[in-house]
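Read the structure below first, then the notes.
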Number of protein chains: 2
Amino acid sequence: MAHTNYNCNPGCPVEAALEVIGGKWKGVILYHLLSETMRFNELRRVMPEVTQRMLTKQLRELEADNLIARKVYPEVPPKVEYSMTEYGKTLTPVIHSLQQWGSRHLEEVAQRVADR
Amino acid sequence: MAHTNYNCNPGCPVEAALEVIGGKWKGVILYHLLSETMRFNELRRVMPEVTQRMLTKQLRELEADNLIARKVYPEVPPKVEYSMTEYGKTLTPVIHSLQQWGSRHLEEVAQRVADR
DNA sequence: TCCATTGGTATATAAAAAGATACTTTGTAT
DNA sequence: ATACAAAGTATCTTTTTATATACCAATGGA
């Protein structure tokens, strides 16, 4: 999925943004973390279809992009908290518009199915 | 990539939206078609890194989701125009916010590289 | 006559993403 | 002594994506 060149044309920023938030579960993760800091297993509970491996991977990628922060508490059993960074919070309007459109889209699709 | 259930929790509309526009090249395609109707090879020219097969595939998927319309002119050589549907145009604010954030993000990343 | 053009399709292959499953650590509770 | 908790890793397999390449039709131009 990685591009090498984003200076191709003015549409590329769109791809750049999608590359950062377009991972299979990143949208939902960001949505949840924008409303509150959460622990690893709390995230698992709100999205039970995601495997642990996938969740870990997506979280690490978001962390590498500086969108979320990972805080480990040296306890046993382990406690790890995930939260949005200040930079990550700049995604608020993006996630919000995706959620708005997505809601309407789900209704639209349900309608199309009903009309069938 | 297909989900089976979107009623899992309130973050799912975000995933629903990303599933529709998150294909590898869909963001750029939509960005371009939102500004003007374009022919197949015009699209190829503005995104030369995309293979013909991929472009065709992404266009067909967008068409199946009723976001774009495909109009074939019975001429030789063939002429096929792609344009946004009315429904597709409802994506305007989404693509716009992606583009805004993406632009800032590209600057941010360039800055991080410069500071290294 | 041969070549280029547009908008594709078909086939095979390679690379990347995702999934399933088992295992780890160290303390506390049973 | 055993089991469980949280937050992961490590492997292996399957599925999905993407690439490369060749091919097609009908027409206009050199």
Side-chain angles (χ1 to χ4, degrees), chain A residues 1-6 8 12 15 18-29 32-33 36-65 68-83, chain B residues 1-6 8 12 15-16 18-30 32-33 36-65 68-83:
Chain A
M1 190 90 162
H3 287 207
T4 45
N5 170 18
Y6 284 106
C8 44
C12 281
E15 276 308 306
L18 283 173
E19 202 151 307
V20 166
I21 66 169
K24 188 158 183 181
W25 304 102
K26 291 183 183 174
V28 224
I29 294 172
H32 287 295
L33 293 184
E36 55 173 338
T37 291
M38 290 176 90
R39 296 181 59 177
F40 186 80
N41 275 4
E42 286 185 284
L43 283 167
R44 290 195 71 186
R45 276 189 283 277
V46 294
M47 34 187 140
E49 336 82 269
V50 192
T51 62
Q52 191 170 37
R53 184 182 177 281
M54 261 294 108
L55 183 53
T56 303
K57 203 170 150 246
Q58 303 279 294
L59 287 168
R60 293 294 143 86
E61 288 176 16
L62 291 170
E63 194 192 356
D65 283 330
I68 67 174
R70 179 170 180 268
K71 184 171 181 185
V72 183
Y73 294 79
E75 303 174 1
V76 169
K79 176 176 174 181
V80 179
E81 275 183 0
Y82 291 94
S83 59
Chain B
M1 188 94 159
H3 289 208
T4 43
N5 171 17
Y6 285 105
C8 43
C12 281
E15 275 309 306
L18 283 173
E19 202 152 309
V20 166
I21 67 168
K24 187 159 183 182
W25 304 102
K26 291 183 183 175
V28 224
I29 293 172
L30 292 169
H32 287 295
L33 293 185
E36 55 173 337
T37 292
M38 290 176 90
R39 296 180 60 176
F40 186 79
N41 276 4
E42 285 185 283
L43 284 166
R44 289 194 72 185
R45 276 189 284 275
V46 294
M47 33 187 141
E49 336 82 90
V50 193
T51 61
Q52 188 170 40
R53 187 177 175 284
M54 261 295 110
L55 183 54
T56 303
K57 204 171 149 244
Q58 303 279 296
L59 287 168
R60 293 295 143 84
E61 288 176 17
L62 290 170
E63 194 192 355
D65 283 328
I68 66 174
R70 179 171 181 268
K71 184 171 184 188
V72 183
Y73 294 79
E75 301 173 5
V76 171
K79 176 175 174 180
V80 179
E81 276 183 358
Y82 291 93
S83 59

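Source: prediction; values computed, not measured. Order of the sequence lines fixes the chain letters, A, B, ..., with proteins taken first and strands second; residue numbering starts at 1 for each chain.
As rounded to whole Å, 17 Å separates atom P of C:dA17 from atom CD of B:Glu19. Computed from coordinates, the A:Glu75 CD to D:dG8 C1' distance equals 16 Å when rounded to whole Å. Nucleotide C:dG27 holds its P atom 20 Å from the OH atom of A:Tyr73, rounded to whole Å. Atom NZ in A:Lys57 sits about 12 Å away from atom P in C:dA16, given to the nearest Å. Atoms CG (A:Leu55) and C1' (C:dA20) sit 16 Å apart, rounded to a whole Å. For the pair B:Met38 CE and C:dG7 C1', the computed distance is 15 Å after rounding to whole Å. The interatomic distance linking A:Leu59 (CG) with D:dA7 (P) rounds to 11 Å, in whole Å. Across the protein-nucleic acid pair, A:Glu42 atom CD and D:dA5 atom P stand 16 Å apart, rounded to whole Å.
Among the heavy atoms of the strands lying under 4.0 Å from A:Lys79 are primed sugar atoms or P, OP1, OP2 only; no base atom is included. Using a 4.0 Å heavy-atom criterion, one finds that A:Tyr82 contacts the sugar-phosphate atoms exclusively.
In this structure, CG on B:Leu59 lies 8.5 Å from CD on B:Glu63, to the nearest 0.5 angstrom. Distance check, rounded to the nearest 0.5 Å: CD of B:Glu49 to SG of A:Cys12 gives 6.5 Å. For the atom pair CD1 (A:Ile68) and OG (A:Ser83), the distance works out to 8.0 Å, reported to the nearest 0.5 Å. A distance of 9.5 Å separates NZ of B:Lys24 from CD of B:Gln58, quoted to the nearest 0.5 Å.
Counting heavy atoms from C-beta outward, A:Ile29 and A:Leu55 have side chains that approach closer than 4.5 Å. Contact check for A:Glu42 versus A:Arg39: side-chain heavy atoms found under the 4.5 Å cut-off. Under the 4.5 Å side-chain criterion, counting only non-hydrogen atoms from C-beta, B:Arg70 is not in contact with B:Glu81.
Distances shown here put every side-chain N or O of A:Arg39 at or beyond 4.0 Å from the OP1 or OP2 atom of D:dA5. Considering only side-chain N and O atoms, B:Arg60 lies under 4.0 angstrom from the phosphate OP1 or OP2 of C:dT9.
Ranking D:dA26, D:dG8, D:dA5 by closeness to the B:Val76 side chain, first place goes to D:dA26. Here D:dA18 is the nucleotide among C:dT9, D:dA18, D:dT9 with the atom lying nearest to any side-chain atom of B:Gln58. Closest approach to the B:Arg70 side chain among D:dA7, C:dG7, C:dA18 is made by C:dG7 (side chain taken as heavy atoms from C-beta onward). Side chain of B:Asn41, nearest nucleotide from C:dA18, C:dT6, D:dA18: C:dT6.
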Could you go through nucleotides 19-24 of chain D and list every protein N or O atom that sits under 3.5 Å from one of its N or O atoms, giving the distance for each pair?
{"unit_1": "D:dT19", "atom_1": "O4", "unit_2": "B:Arg53", "atom_2": "NE", "d": "3.4"}
{"unit_1": "D:dT19", "atom_1": "O4", "unit_2": "B:Arg53", "atom_2": "NH1", "d": "3.4"}

